[in-house]
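Have a look at the structure below before the remarks.
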Amino acid sequence: MITFNWNGYEFKIIQYGSGIFERDMAGHRHSKNSYELHYITGGKGKLTTDGNSYELSKGDFFVTGPDVYHQQSTDKNDMLSEIYIYLQSSDKKTNNAFVSAFLSTHFYFCKNYELQKYFEMILQEKEEQKLGFETAIGALMQLLLTHISRIYLPPISGVAEDGGNLIDKRFFIIELAFMNDPEKLTLSQLSESIGVCERQTQRLLKKYYGKSFTEKKEEATTR
């Protein structure tokens with residue numbers, strides 16, 4: 001088991017490796033705080049979730065987080081292969097926008113060839129096990145999670161990023177607002193604090209947290 005720290009937050013790599021799907025993988029769900037990163041390296045197959053199905057081929061990347069049903073089937077004539085990393089996060093609260101984006105995204109699917117090199121370097125370190133390989137894997141995981149969170153947090157339309165990363169600041173402010181005194185927080189106050197209108201604040205919350213302001217507030221007050 002490898003433990004690493006990313007933006008002040010601890011993760012553990014429970015299992016990681018690669019394989020060829022000679023037979024289908026039965027549907028299952030991961031437990032609380034568990035995230036599996038999948039990168040398809042070849043072959044063909046299908047990913048089935050609760051309400052959707054996705055054709056799988058080389059370059060596909062997807063994340064299956066807590067309580068997300070997923071099942072993978074393989075093409076018997078062109079068997080699916082992947083690199084996988086199974087992580088567990090701690091229960092610690094975080095104010096970091098990147099960590100919050102990763103933890104709150106329980107499912108994501110896209111085609112992304114850029115991520116392949118990080119998966120392959122992590123796998124190579126595991127296979128060669130040179131001196132300090134666990135430290136190297138931890139550093140590579142920090143890079144990988146940073147790139148994944150950049151995918152989750154694209155630039156806000158019409159807003160230029162400054163040197164201090166305006167997007168990251170906004171999510172930091174949002175996280176603090178819901179942590180400090182959520183019962184008294186209003187949509188108007190939150191919108192003013194991040195410098196956008198109430199409608200855009202609702203869009204940001206829905207896009208990045210999957211919840212409306214009311215739902216996010218309810219979540220924060222019942223913790």
Side-chain angles (χ1 to χ4, degrees), residues 4-11 13 16 30 32-40 47 49-52 54 56 59-70 82-119 122 138-162 164-179 190 194 196 200-213 215-216 219-220:
F4 67 94
N5 188 288
W6 177 52
N7 290 318
Y9 198 90
E10 185 177 275
F11 289 86
I13 303 177
Y16 61 122
H30 295 310
K32 180 183 177 183
N33 301 328
S34 298
Y35 298 79
E36 190 166 16
L37 316 179
H38 309 254
Y39 192 86
I40 304 302
L47 167 68
T49 62
D50 277 316
N52 295 290
Y54 305 82
L56 296 174
D60 286 335
F61 162 73
F62 61 99
V63 177
T64 49
D67 201 35
V68 173
Y69 173 84
H70 57 289
E82 76 166 15
I83 301 173
Y84 63 90
I85 302 171
Y86 185 70
L87 299 172
Q88 280 192 339
S89 64
S90 69
D91 282 320
K92 176 184 173 184
K93 292 183 179 180
T94 177
N95 294 327
N96 184 270
F98 280 95
V99 178
S100 294
F102 180 80
L103 295 178
S104 64
T105 305
H106 290 187
F107 178 78
Y108 190 83
F109 180 94
C110 72
K111 178 80 72 175
N112 191 303
Y113 294 103
E114 183 183 357
L115 296 177
Q116 182 174 351
K117 58 187 176 185
Y118 300 106
F119 279 90
I122 290 168
L140 288 168
M141 283 302 307
Q142 292 180 53
L143 282 171
L144 178 58
L145 294 185
T146 298
H147 279 278
I148 291 170
S149 294
R150 284 175 176 171
I151 296 170
Y152 292 170
L153 296 170
I156 300 172
S157 177
V159 179
E161 292 182 72
D162 61 17
N165 195 329
L166 180 57
I167 295 172
D168 195 56
K169 287 179 182 177
R170 281 182 173 165
F171 281 94
F172 179 77
I173 292 169
I174 289 172
E175 291 295 325
L176 280 181
F178 282 108
M179 288 176 62
L190 182 61
I194 62 175
V196 298
Q200 189 172 359
T201 300
Q202 287 280 30
R203 285 202 297 265
L204 288 173
L205 293 174
K206 199 68 177 178
K207 183 173 183 178
Y208 296 117
Y209 295 95
K211 295 178 174 65
S212 67
F213 173 80
E215 291 168 335
K216 185 75 175 155
E219 177 188 61

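For the single chain, residues carry numbers from 1 onward in sequence order. Worth knowing before you read on, the calculation uses all heavy atoms, side chains too, and leaves out hydrogens, waters and symmetry mates.
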Heavy-atom distance under 4.5 Å between the side chains of Leu205 and Glu215, does that happen here? no

Between the main-chain N or O of Ser90 and the side-chain N or O of Tyr9, is there a donor-acceptor pair closer than 3.5 Å? yes

To the nearest 0.5 Å, what is the distance between OH (Tyr108) and CD1 (Ile148)? 10.5 Å

Heavy-atom side-chain proximity of Tyr113 to Phe61 below 4.5 angstrom: no

Looking only at non-hydrogen atoms, find the nearest pair between Lys211 and Lys216 and report the distance. CB-N, 4.1 Å

If you round to the nearest 0.5 Å, how far is OH of Tyr152 from OH of Tyr208? 13.0 Å

Nearest heavy-atom pair of Thr105 and Val63: which atoms, and what distance? O-CG1, 4.5 Å

Tell me, with the steps shown, if Leu145 and Leu87 meet side-chain contact (heavy atoms from CB on, under 4.5 Å). CA-CA 11 Å; Leu145 294 185; Leu87 299 172; 4.2 Å; yes

Between the side chain of Gln202 and the main-chain N/O of Phe213, is any donor-acceptor distance below 3.5 Å? yes

Would you indicate whether the side-chain heavy atoms of Leu115 and His147 approach each other to under 4.5 Å? yes

Which class fits the ring pair His30 and His70: parallel under 30°, tilted 30 to 60°, perpendicular over 60°? tilted

What I'd like to find out is whether the side chain of Leu37 reaches to under 4.5 Å of the side chain of Leu144, using heavy atoms alone. yes

Checking side-chain contact (heavy atoms from CB on, under 4.5 Å) for the pair Leu140/Phe4: CA distance, chi angles, key distance, verdict? CA-CA 10 Å; Leu140 288 168; Phe4 67 94; over 6 Å; no

CZ/Phe102 to CZ/Phe11 distance, rounded to the nearest 0.5 angstrom? 5.5 Å

Can you measure from CG (Asp60) to CD (Glu82) and round to the nearest 0.5 angstrom? 11.0 Å

Is there a side-chain contact between Thr146 and Trp6 in this structure, where contact means two heavy atoms from C-beta onward sitting under 4.5 Å apart? yes

Value rounded to 0.5 Å, distance of CZ in Phe109 from OG1 in Thr64: 12.0 Å

Mind checking the CE-CD1 spacing from Met141 to Ile85? Nearest 0.5 Å is all I need. 4.5 Å

Per ring pair (Phe, Tyr, Trp, His ring centres under 6.0 Å), Phe107 is matched among Tyr35, Phe62, Tyr69, Tyr54 by Tyr54

